[in-house]
**Student:** 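A single structure is presented below for examination.
Residue numbers start from 1 in every chain, and the chains themselves are labelled A, B, ... in the order their sequence lines are given, proteins ahead of strands.
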Amino acid sequence: MEYKNTLNLPQTSFPIKFNFKDSEPRLLELWDGGNIYESIQKNGKEKYILHDGPPYPNGDIHLGHALNKILKDIVVKFKSMEGFRVPFVPGWDCHGLPIETQLLKELSVRRSSLSVYEFRQKCREYALRYVGMQKEEFKRIGVFGRWNAPYLTLDPNYEAGVIELFGMMAEKGYVFKSLKPIHWCPSCETALAEAEIEYEDDDSPSIFVRFSVKNVSGNKHSSVLKNGSFIIWTTTPWTLPSNVAIAVHPDFEYCFVEHEGHIYVIAKELIESSAKSMGWTDHKITGSAKGAEFEGIVCAHPFMDRESLVVMDEFVTLETGTGCVHIAPGHGEEDFKVGLKYKLPIVMPVDPRGCFTDEVPFLQGVHVWKANPIVLETLKEKGALLSSEKMKHQYPHCWRCKKPVIFRATEQWFVSVDHDGLRQKALKEIEKTKWFPAWGQNRIGSMVEGRPDWCISRQRSWGIPIPAFYCKKCGTPNFKGEFNKAVAAMVKKEGTDAWFVKEAADILPKGVKCVKCGAAEFEKETDIMDVWLESGASHFAVLKSDVQTFDWSADLYLEGSDQHRGWFQTSLLTAVSAFGKAPFKAVLTHGFTVDEKGKKMSKSLGNVVDPQQVVKEYGADVLRLWVASTDFRNDMAVSKNILKQINEGFTKIRNTCRFLLSNVNGFDPSKDRIEYEKLLDIDRYILMKFELLLDKMRRSYDSFEFHAVYHSLYGFCVNDLSAFYLDVIKDRLYCDGSGSVSRRAAQTVCFEMLSGLIKAMAPILTFTAEDLYSYMEVPGKKTSVFLEKLPDKNQKYMDKTIEKVWDRVLQIRAEAYKKIEGLRASKEISKISESDIEISCNKEDFSVLNSMAGQLPQIFMISSVSVKQGQEFNIIARKTSNSKCERCWRYLPDVGSNNDHPTLCARCADVVKSKETL
RNA sequence: GGGCUCAUAGCUCAGCUGGCUAGAGCACGCGACUGAUAAUCGCGAGGUCGGUGGUUCGAGUCCACCUGGGCCCA
C-alpha cells in the first residue's frame, strides 16, 4: 500500500468532468477581452479572404446557420494557424419582405397607418434587434470574426455601394424596364422573385374548352376544319379572358376527332385520356395532321370579342390536356415568349389586388380567385365548356403569406442576362472558378445557361430604392450618370431613408435635365430593389470598398448548395456585368441538415434540432464536432442519437488529451526533453504515427474534408494512443524513476503529441483546445492557442522501417490477445498481465520479434513472451508462474530478488531504494 | 414533371484509377481493471455494399433502369 506513494501517478487540475458551462464562457471572455481575433489579423503571410454570405435576421439562428458559420470558422482558424491573414467580416441581409410581413404581424397594424419612413424605422429596429441576437448566438458557438464591425446591408455605406453598383450596371446597359409577366402576390400586392415562390398542392379546376375555328382560309385542312374546333385544357379558367392564342407543337401528330357530328383537333396520344375526361364514348378519328400544318388558323375566343391565333411552340407537351395549349401572354412565362415571337397582344385585365378591370366587363371588380365559377358559367352558356373536374396539382405560393400567386404582366425593372454577352461571360467565369464539390460547376452552369432575365424591382418599402427619376413631361426613367451619382452621394450621407422623405428636386443637383426631352421636373421611382441584388452586391459594397481589409476577389465563398441559384449567382452576375470577373476564386457548398432517416427538418415532423439546445446540453464544442464529423458535401444527419455519439467521441478525445496532460505534470520541456535519438523504438514508432496523423489532418483541412480530420484524429486517440501507446507507457511513466531517461522519454513524446494535437484540433474543438492550452506549461506560451501555428512537418519522424516492423508486432499482439482471451474466458486468469505466451513463427517474424525480445513483455503488457522459429504461425498462452510485483503490478520472474523489498521486482526495488537514499 | 445530387453494418465514416473471406470507431453483448475512475482495457457478434438488369474472367467500385432522400426549378 505504501508503495503507491512511490509512484509518479498522473496529476492535473484539468477537470475530468466536462464543465462546459463554466469553461466555455470563460474562454469566450478570454477571446473577447484578449482581442484574439484582432491579434490573428497580424499574421504575416498573404491574405486569405473568406467572404461571408449574409443570413437574414428574423429569428434565432437555426442549425443550418450554425453549421454554415462553424464551417467558415474552421476554415478561418485553419488558414490563420497556417499563417495566413484571414479577415472574416460577418454580414447580415437586413432588408426585404420577410421583415415587413413579420413586423406587420407583430405590430398588428396596417401598414397604411404608418408613413413609409416610420415603417422603415420599425423595420430597421426589428432587423437590428435580430442582428444583435444572432451575433451573440454565433459568438457563443466559438465563431471568430470582426463582430464589432460586421457588414449590414442597411448601413448607408453598404446601401450607397449597391446604388453605385446599380449605376455601373445601368451605365453598361444591363438595366432595363419592361412589361413582363411575373409572379405576383395579389395578397401582398408585390412582384415576387423566383426565390420567393413555394410550390404546394392546390385544388384547381381542370377544364376542357372549345375554341371554334373562325378562319381557315388558305389552309390545306380548311374543308375539314371549317366548322371544327380546337380543344384546350387549363387549370386556370380565370386567365381565359386574356387568351389570345392556342399553341400546338409543330412536330406532334394531331387528329381530327369526330364527336356528335363535330370535328375537334386533339393530339393523337391524348385522345383517349381527353375523351375519358369529357365523357366521350362514340368518337372516331377521321384524319390527322402535323401540328405545323395548323399555323395561322384563327379561332374565335369563346366569350370575348377577340380572335385566338393558332401558333407553334416547342414547349407543348403530351403529359396532360389535349396538346393544344391556351396562351395568355400576360399570365405566363412561356405564353409571353410565344407572344413575343408572334407579336401577340399582352392582355392584362387584372389589377394589382388581383381584381379584374373594366377590360372584362362581366368580371369587373371580381377577384381572380372568385372568377373561376363565373368564367365556367359563361363558358357553359356559350357551349364552350366540354368538361370540368377538380384536380390536385403543384401551384406556386407566396413564400411569406403562403397564399397562391398569379402571373401578371407589369412594368418591372430587369437586369438583362443576355445584354453584351453577360450570360456567356458568366459561364466563362464559372469555368475559371474552383467548385467544391466539383459538380457545383455543372449545377450553377446549367442554371445560368437557362435563367431568364432578372427581375430586380419590388413594390415594397423596406429596401434600397431603385434610383430612377421619371421625367414629369415625357415619362422617361432617368437612372444613369449624374442621376445615379446624386443618389449615391445622398445615401452615403443619410442612408436610403432620405429617398423616402425627400422630393426628387431635393435629391438632384440643380439643372439636371431629362435625357430624352430635356425637361427638368422629375418624379421618384417608388419600387425598391430585390434583396438578392443587395446581397449580390456585397463583393462591391464590402470587399471593394474596404481595400485595407480585403482584396476584391474573395478566395472562398462557402454556403449551402441552394445558393447556386441564390447568392453565388446574383454575386456572379453583378460582378461580371460591372467588372467582367467573378467575385470569388473558389466556391464551397454544403448540404442541408436532415434527421436520422434523411428527412428534412420541419416543425410538423418534429425532428428539428435547435443549436442553442445542443449548446445547452453538450456545449458548443460538441456541436462543432458534429459539424466536423459529418461529410458536409452531402446532407448532414442529426438526431439525439447522433449527438450522443458525437459526445462520446468528444469525451474520448478530451480524456486522451487530459491523460497526456496529467502525465507531463512536472515535465519541463526546456530541461527534461530527451532527444529523438535516445527515445525507445516504441516512442519513435508513435511519433511516426503522429507525424502521419498530422500530415493527414493538414491535407484534409486543406481539401475541406473536415470529417476526415475528425475521423483520423479520433482514430489516433482511440487506437494508437489509448489502446496501445499510452497503455504501454504507463509502466514507464508511473514506475520508473521520476527523472529517469526512460520516463522522460515517454514524457517527451506525450508533451510533443499533446501540444501538436491541441493545435491541430483547435480549428474544430475550439474551446477544448484553448482550455487544454491554458493548462499547459509551454515555453513562449501565447495568450491563446490561436496565436500558435500548426505543427510543421517533421521529416525526421518519418521512419518507414520502424513503421513496418511495428505494424507487424502490433498484428502479432492482436493475435496474442485473442489467445489470451481464451484463458480469461475459462477463468484461468482474470487479467491479461497474468499470462505468458509462446510464439512460433517464420524466420522473418522471428528476426523482428527476437530483436526486441527484451521489450516484448512491456509491449504486450504480459508476464513473458518467448519466441521460436516454427513451421506455422502459432501462439500458445498460459497462466504465468511469476509473482506479481506489489508496486508495478507486473508479473515478473525477479520479484523478490531484493531482500529489502521482497514483494517488489528488481526494477521497482531499485527505484524505491534510490528514493530512500534521497 | 425537369436539372443536379446522395444511398456501404443501428450510427458516423474508410474502401484510390474494378481484383484475395467489404474495413474503422461508436453503440450493442460478454469479460477485465479500479494507479486516465462521471474513466480505462480485452474479446465477440453485426453488412446479399438501396433494388433490378448489363459490361467483364472478375463490380461496393463501370453502364442502364427503378426505388427512396435532398437541393434547385416548373
**Student:** Which of the following nucleotides, B:rG42, B:rG69, B:rC13, is nearest to the side chain of A:K599?
**Tutor:** B:rG69
**Student:** Summarise protein proximity over nucleotides 33-39 of chain B in one line of letters, 5' to 3': B for base, S for sugar-phosphate only, - for none, counting protein heavy atoms closer than 4.0 Å.
**Tutor:** SSBBSBS
**Student:** Which whole-number value in Å describes the distance from A:D720 CG to B:rG25 C1'?
**Tutor:**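 Rounding to the nearest Å, CG of A:D720 and C1' of B:rG25 are 12 Å apart.
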**Student:** Tell me the interatomic distance from A:F860, atom CZ, to B:rC43, atom C1', rounded to whole angstroms.
**Tutor:**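 So the CZ-C1' distance, A:F860 to B:rC43, works out to 17 Å.
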**Student:** Please state how far atom CG in A:L660 lies from atom P in B:rU40, giving the value in whole angstrom units.
**Tutor:** 13 Å
**Student:** For a quick check of understanding: with a heavy-atom distance under 4.0 Å over all strands, which category does A:A825 fall into, base, sugar-phosphate or nothing?
**Tutor:**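 Since no nucleic acid heavy atom lies under 4.0 Å of A:A825, the category is nothing.
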**Student:** Ring-plane angle category for A:F704 and A:F436, please: parallel below 30°, perpendicular beyond 60°, tilted otherwise.
**Tutor:**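 It falls in the perpendicular class, over 60°.
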**Student:** On a whole-Å scale, what distance lies between the P atoms belonging to B:rC63 and B:rC13?
**Tutor:** 23 Å
**Student:** Roughly how many Å apart are B:rA22 and B:rG70, using the P atom of each and rounding to a whole number?
**Tutor:** 33 Å
**Student:** In whole angstroms, how far is the P atom of B:rC41 from the NZ atom of A:K818?
**Tutor:**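 Interatomic distance, NZ of A:K818 to P of B:rC41: 18 Å.
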**Student:** Which part of the nucleic acid does A:N663 contact within heavy-atom distance under 4.0 Å: base, sugar-phosphate only, or nothing?
**Tutor:** nothing
**Student:** P atom, B:rG10 versus B:rC28: distance in rounded Å?
**Tutor:**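 Between the two P atoms, the distance is 15 Å.
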**Student:** Provide the distance between the two C1' atoms, one in B:rC11 and one in B:rG53, to the nearest whole Å.
**Tutor:**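 Each nucleotide's C1' atom is 32 Å from the other's.
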**Student:** On RNA chain B, nearest-nucleotide positions of A:K827 versus A:G598: which is more 5'?
**Tutor:**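 First, find each residue's nearest nucleotide; the 5'-ward one identifies A:K827.
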**Student:** How long is the line joining CG of A:L693 and P of B:rG25, in whole Å?
**Tutor:** 16 Å
**Student:** Mind checking salt bridge (Lys or Arg N to Asp or Glu O under 4.0 Å) for A:D731 and listing every partner two or more places apart, or none if nothing turns up?
**Tutor:**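 Checked A:D731 against salt bridge (Lys or Arg N to Asp or Glu O under 4.0 Å); matches are A:R890, A:R907.
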**Student:** A:S561 side chain: which of B:rC71, B:rG44, B:rC26 is closest?
**Tutor:**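 Nearest to the side-chain atoms of A:S561, counting from C-beta on, is B:rC71.
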**Student:** If you go through the side-chain atoms of A:Q645, does one of them form a donor-acceptor pair with the base of B:rC11 closer than 3.5 Å?
**Tutor:** yes
**Student:** Rounded off to whole Å, could you give me the CG-to-P distance for the A:L713 and B:rU12 pair?
**Tutor:**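 About 19 Å, once rounded to whole Å.
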**Student:** Kindly write out the residues that satisfy ring-ring contact (aromatic ring centres under 6.0 Å, His included) with A:W184, not counting sequence neighbours, or none if the list is empty.
**Tutor:**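 By the ring-ring contact (aromatic ring centres under 6.0 Å, His included) rule, A:W184 matches no residue at all.
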**Student:** Verify side chain to side chain donor-acceptor pair (under 3.5 Å) between A:W454 and A:D530, making sure each step is shown before the conclusion.
**Tutor:** CA-CA 10 Å; A:W454 177 10; A:D530 177 13; 3.0 Å; yes
**Student:** How are the rings of A:F706 and A:F632 set to each other: parallel, tilted or perpendicular (split at 30° and 60°)?
**Tutor:** tilted
**Student:** Calculate the interatomic distance between A:E334 atom CD and B:rG1 atom C1'; express it in whole Å.
**Tutor:** 14 Å
**Student:** Return a table of donor-acceptor pairs under 3.5 angstrom between the side chains of residues 707-715 of chain A and protein atoms on other chains or two or more places apart.
**Tutor:**
unit_1, atom_1, unit_2, atom_2, d
A:S712, OG, A:A708, O, 2.6
A:S712, OG, A:V709, O, 3.2

**Student:** The side chain of A:E648 lies closest to which of these nucleotides: B:rC4, B:rA27, B:rU12?
**Tutor:** B:rA27
**Student:** Would you call A:D562-A:R565 a salt bridge at under 4.0 Å N-O?
**Tutor:**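 Not counted as a salt bridge, because no side-chain N and carboxylate O are separated by less than 4.0 Å.
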**Student:** If I pick the C1' atom on B:rG23 and the same atom on B:rC66, what distance separates them, to the nearest angstrom?
**Tutor:** 30 Å
**Student:** When you measure from the side chain of A:R565, which nucleotide among B:rC73, B:rU12, B:rG25 comes out closest?
**Tutor:**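 Of the candidates, B:rC73 comes closest.
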**Student:** Would you confirm whether A:Q569, through its side chain, and A:H564, through its main-chain N or O, come within 3.5 Å as a donor-acceptor pair?
**Tutor:** yes
**Student:** Is it the case that the ring center of A:Y3 lies less than 6.0 angstrom away from the ring center of A:H901?
**Tutor:**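 When the ring centroids of A:H901 and A:Y3 are compared, they turn out to be within the sub-6.0 Å range.
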**Student:** Looking for any heavy atom pair under 4.0 Å, which part of the strands does A:K640 touch: base, sugar-phosphate only, or nothing?
**Tutor:**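 Nothing, no heavy atom under 4.0 Å.
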**Student:** Parallel, tilted or perpendicular: which describes the rings of A:Y734 and A:F659, with under 30° parallel and over 60° perpendicular?
**Tutor:**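 Taking A:F659 first and then A:Y734, their aromatic rings stand perpendicular (interplane angle over 60°).
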**Student:** Nearest nucleotide by nearest heavy atom, which residue falls closer to the 5' end of RNA chain B, A:Y817 or A:D635?
**Tutor:**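 Upstream on the strand: A:Y817.
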**Student:** When the C1' atoms of B:rU61 and B:rC16 are compared, how many Å lie between them, rounded to an integer?
**Tutor:** 10 Å
**Student:** What's the gap between B:rG60 and B:rU21 when it is taken at their C1' atoms, as a whole Å value?
**Tutor:** 15 Å
**Student:** For B:rG15, does the O4'-C1'-N9-C4 or O4'-C1'-N1-C2 angle fall within 90° of 0, making it syn, or is it anti?
**Tutor:** anti
**Student:** What I want to check is whether an N or O donor and acceptor connect the side chain of A:R443 with the base of B:rC71 at under 3.5 Å.
**Tutor:** yes
**Student:** With a 4.0 Å cut-off on heavy atoms, is A:M447 in touch with a base, just the backbone sugar-phosphate, or nothing at all?
**Tutor:**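 Touches sugar-phosphate only.
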**Student:** Can you tell which of B:rA14, B:rG31, B:rC26 lies closest to the side chain of A:Y714?
**Tutor:**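 Selected nucleotide (nearest to the side chain): B:rC26.
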**Student:** Starting the side chain at C-beta, find the nucleotide from B:rA32, B:rG25, B:rA14 nearest to A:R824.
**Tutor:**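 Looking only at side-chain atoms, A:R824 lies closest to B:rA32.
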**Student:** Using a 3.5 Å cut-off and no angle test, enumerate the donor-acceptor pairs between side-chain atoms of residues 811-820 of chain A and protein atoms at least two apart in sequence or in another chain.
**Tutor:**
unit_1, atom_1, unit_2, atom_2, d
A:Q811, OE1, A:R808, NH1, 2.7
A:R813, NH1, A:Y817, OH, 3.2
A:R813, NH1, A:I859, O, 2.8
A:R813, NH2, A:A723, O, 3.0
A:Y817, OH, A:F860, O, 2.7
A:K819, NZ, A:I875, O, 3.4

**Student:** Given A:Y618 and A:W626, is the ring-ring contact (aromatic ring centres under 6.0 Å, His included) satisfied, shown in steps?
**Tutor:** CA-CA 11 Å; A:Y618 294 107; A:W626 167 73; over 10 Å; no
**Student:** Separation of A:I646 atom CD1 from B:rA27 atom P, in whole Å?
**Tutor:** 12 Å
**Student:** Is any side-chain N or O of A:N719 closer than 4.0 Å to OP1 or OP2 of B:rG25?
**Tutor:**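 So the side-chain polar atoms of A:N719 do come within 4.0 Å of the phosphate oxygens OP1 or OP2 of B:rG25, strictly under.
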**Student:** Is A:H707 touching bases, backbone alone, or none of the nucleic acid, heavy atoms closer than 4.0 Å?
**Tutor:** sugar-phosphate
**Student:** Roughly how far apart, to the nearest Å, are B:rA64 and B:rG46 at atom C1'?
**Tutor:** 33 Å
**Student:** Sort by first number and list every stem of RNA chain B: at least 3 consecutive Watson-Crick or G-U wobble pairs, both distances under 3.5 Å.
**Tutor:** B:1-7 with B:67-73, B:10-13 with B:23-26, B:28-32 with B:40-44, B:50-54 with B:62-66
